[in-house]
K.L.:
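After the C-alpha cells below, expect a handful of questions from me.
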There are 2 protein chains.
Amino acid sequence: MNLKAERGAATRDRVLAIATRLFADRGYDDTSIETVLQESGLSRGALYHHYAGKEALFAAVLEATERSIGAQIVEAVRGIDDPIETLRAGTLAWIRLAGDPVIKRIVLLDAPAVLGWERWRAMEERYSFGMLKAALQATGAIPAQFLDLHAHMLLAAVNESALLVARGGDHRTAEAAVEEFLRRLLNG
Amino acid sequence: MNLKAERGAATRDRVLAIATRLFADRGYDDTSIETVLQESGLSRGALYHHYAGKEALFAAVLEATERSIGAQIVEAVRGIDDPIETLRAGTLAWIRLAGDPVIKRIVLLDAPAVLGWERWRAMEERYSFGMLKAALQATGAIPAQFLDLHAHMLLAAVNESALLVARGGDHRTAEAAVEEFLRRLLNG
DNA sequence: CGCGATTACAGACCAACTGTCGGTATAGCA
DNA sequence: TGCTATACCGACAGTTGGTCTGTAATCGCG
C-alpha cells in the first residue's frame, strides 16, 4: 500500500486544486464537472471514483479551504496573551483573509446554499466559529447564557464586513468599524 | 389593453406563487422549471415568455417576498415614536418573520448565491437593510463614519440569529440575546 | 512466486434539465 | 378590416450530473 495510495492522493489533490480555482472563479452552479474533467485531463470514472459527486467535491474543497484559514488565523494570534487582544487580532486576520475572492465566494457565498445551512454551520464550528467562540469566552465580557448566540452574531457581523471589503470597500474603514463594533460589544 | 393584460398578470402571479413554494421547499438548485411547468399546467414557451429564465423567476420570487416582509415590518413598528424602541421592535419583528422557512431558504440562504452578492445587497438595500439603517441613524448612537458599516454588521448579526431560530433554537433566548446585543451596541 | 482482492482509471451511456425557436391564436387598435 | 402585439404552445438541441461495465496495475497473502 504505497505506490497506489500515493497516486490516488496525488490525483485527488490535483483535482482539488483545479476545482477550487473553478468554484472560486465561476461559482458552484456555473462550474461543470465536465470542465473539471477537461482541465485535469481525468476521466469521468476516475473523478467519480475519488469523489462521490459534485457536491462532495465542493465539500472537499471547502474543507481544505477552511483548514487553511484556521491555520493562518492561529498563526496570526500566536504569542498574544491578552484575550481581548487575541480576539481583535483574530477577527482582523479573518477579515483580511476573507478579502480573498476564493474565500469570499466559496466559504461565505456558495457554501451555505450548496451544503445547506446545517452542514455549513457544522463545518464552521470546527474552524473559524469554534475559535471565535473560545476567544470570546476568554474575554469574560459576555454572560454565559448569551455566549453561543453572541458568538454567532459576532461572526456573522465580521463576515459581513469582510464581504464589504471584498466588494471593494475601503479595508481601513472596515477594520476601524470592526474594532469599534467589538469595543461596544465587550463594554456593554 | 385590459383582458390580455389581466390574463398575463394572473398567469405571472400563479407561476410566482407556485415557484415560491417550490423554491422554499427544495431550494433553487433542486427545483426544476419542469416541475413548475407541471404544477402550473403552463407550457414551456409561456413561462419563458413571462420570465427570461430560471434566475429571473427566482429574482421575481425574491422581490415579492422582500416586499411582503417590508410591509409587515412597517406594520410592526407603526405608532412607535422612540427611535430605539422602533429599532428593537423592527428587529424582533424581522426575527420572527425569518423563522418562516420560506423566508429563511429564499431570502437568506439561496438569494446571495443565486443572484450574486451584489444584486442581493442591492435588493436588501431597497427593503430590510434600508429600513434598518434609517432606524439606526435615528437613534443617534452610532457615529456617522461607522453608520453604514455598523448597519450592515447589525443586519447580518440579526439575520444570523433568525437562522438559528429557524434551525430550531429557542426563540425566546434568541430574542433576549438580540436585545442584549442591541443594548451593548447602542451604549458603546 | 502466484493469485485473488483491491484500487485507479477509462469512456460509453442515460435521464434530466435549461433554454431556443418557429408557429398559432386572439385581443387591441388604427 | 387588416396590422401589431401579446399570450401561449410544443418540438428540439445542447449540456449536465451521474451510472455502469470494463481494464490494467498494484497489493497482500499463502
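Proteins get letters first, then strands, A, B, ... in listed order; numbering begins at 1 in each.
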K.L.:
Measuring from the side chain of B/S43 (C-beta onward, heavy atoms only), which nucleotide among D/dC8, D/dG17, C/dC9 has the closest atom?
P.N.:
D/dC8
K.L.:
Among B/T91, B/L87, B/L92, B/T86, find the one that has a side chain to side chain contact (heavy atoms under 4.5 Å, CB included) with B/V77.
P.N.:
B/T86
K.L.:
From C-beta outward on B/I33, which listed nucleotide comes closest to its side chain: D/dC8, C/dT18, D/dG17?
P.N.:
C/dT18
K.L.:
Please report the distance, rounded to the nearest Å, between CG in B/L57 and P in C/dT18.
P.N.:
11 Å
K.L.:
Side chains of B/Y127 and B/R67: does their closest heavy-atom pair fall under 4.5 Å?
P.N.:
yes
K.L.:
Which whole-number value in Å describes the distance from B/L42 CG to D/dC9 C1'?
P.N.:
9 Å
K.L.:
Determine, stepwise, if the pair B/N187 / A/N187 fulfils side-chain contact (heavy atoms from CB on, under 4.5 Å).
P.N.:
CA-CA 9 Å; B/N187 280 354; A/N187 279 356; over 6 Å; no
K.L.:
Whole-Å distance between D/dT15 C1' and B/K54 NZ?
P.N.:
14 Å
K.L.:
If hydrophobic clusters are built by linking Ile, Leu, Val, Met, Phe, Trp and Tyr wherever their side-chain heavy atoms come under 4.5 Å apart, do B/I84 and B/I80 end up in the same one?
P.N.:
no
K.L.:
Which ones in residues 6-26 of chain B lie close to DNA chain D, meaning a heavy atom under 4.0 Å from one of its atoms?
P.N.:
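Nucleic-acid contacts, sorted: B/G8, B/T11.
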K.L.:
What's the CD-P distance between A/Q38 and C/dG11, to the nearest Å?
P.N.:
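Going from A/Q38 (CD) to C/dG11 (P), I get 14 Å.
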K.L.:
Between D/dG17 atom P and A/L37 atom CG, what is the distance in whole Å?
P.N.:
10 Å
K.L.:
Round to a whole Å and report the spacing from CZ of A/F58 to P of D/dG18.
P.N.:
14 Å
K.L.:
Determine the interplanar angle of the B/Y28 and B/F23 rings, folded into 0 to 90°, and report it as parallel if under 30°, tilted if 30 to 60°, perpendicular if over 60°.
P.N.:
parallel
K.L.:
Expressed as a whole number of angstroms, how long is the span from B/Y51:OH to D/dT6:P?
P.N.:
16 Å
K.L.:
Taking for each residue the nucleotide of DNA chain C with the nearest heavy atom, is it A/H50 or B/T31 whose nucleotide lies nearer the 5' end?
P.N.:
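Comparing both residues, the 5'-ward one is A/H50.
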K.L.:
Tell me whether the OP1 or OP2 atom of D/dA7 has a side-chain N or O from B/H49 closer than 4.0 Å.
P.N.:
yes
K.L.:
Find out whether the Lys NZ or Arg CZ of A/R12 is both under 6.0 angstrom from the six-membered ring centre of A/Y51 and within 45° of the ring's axis.
P.N.:
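The answer is no, since A/R12 fails at least one limit relative to A/Y51.
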K.L.:
Any idea how B/H150 and A/F181 line up, ring-wise: parallel (<30°), tilted (30 to 60°), or perpendicular (>60°)?
P.N.:
perpendicular
K.L.:
For A/E34, report the nucleic acid contact type (base, sugar-phosphate, nothing); a contact means any heavy atom under 4.0 Å.
P.N.:
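Contact class for A/E34: sugar-phosphate only.
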K.L.:
Under 4.5 Å between any side-chain heavy atoms of B/V114 and B/D29, yes or no?
P.N.:
no
K.L.:
Write out a two-atom table: protein N or O, nucleotide N or O from nucleotides 20-22 of chain C, distance below 3.5 Å.
P.N.:
none

K.L.:
Under 4.0 Å between a side-chain N or O of B/S32 and OP1 or OP2 of C/dC17?
P.N.:
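Checking C/dC17 against B/S32, a side-chain N or O does come within under 4.0 Å of OP1 or OP2.
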K.L.:
Find the distance A/L47:CG to D/dT16:P and express it as a whole number of Å.
P.N.:
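Spelled out: CG on A/L47 to P on D/dT16 is 14 Å.
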K.L.:
Quick one: salt bridge (charged side-chain N to carboxylate O under 4.0 Å, His left out) pairs with a partner in residues 125-136 of chain A, sequence neighbours left out?
P.N.:
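Listed once each, the pairs are A/E63-A/R126, A/K133-A/D148.
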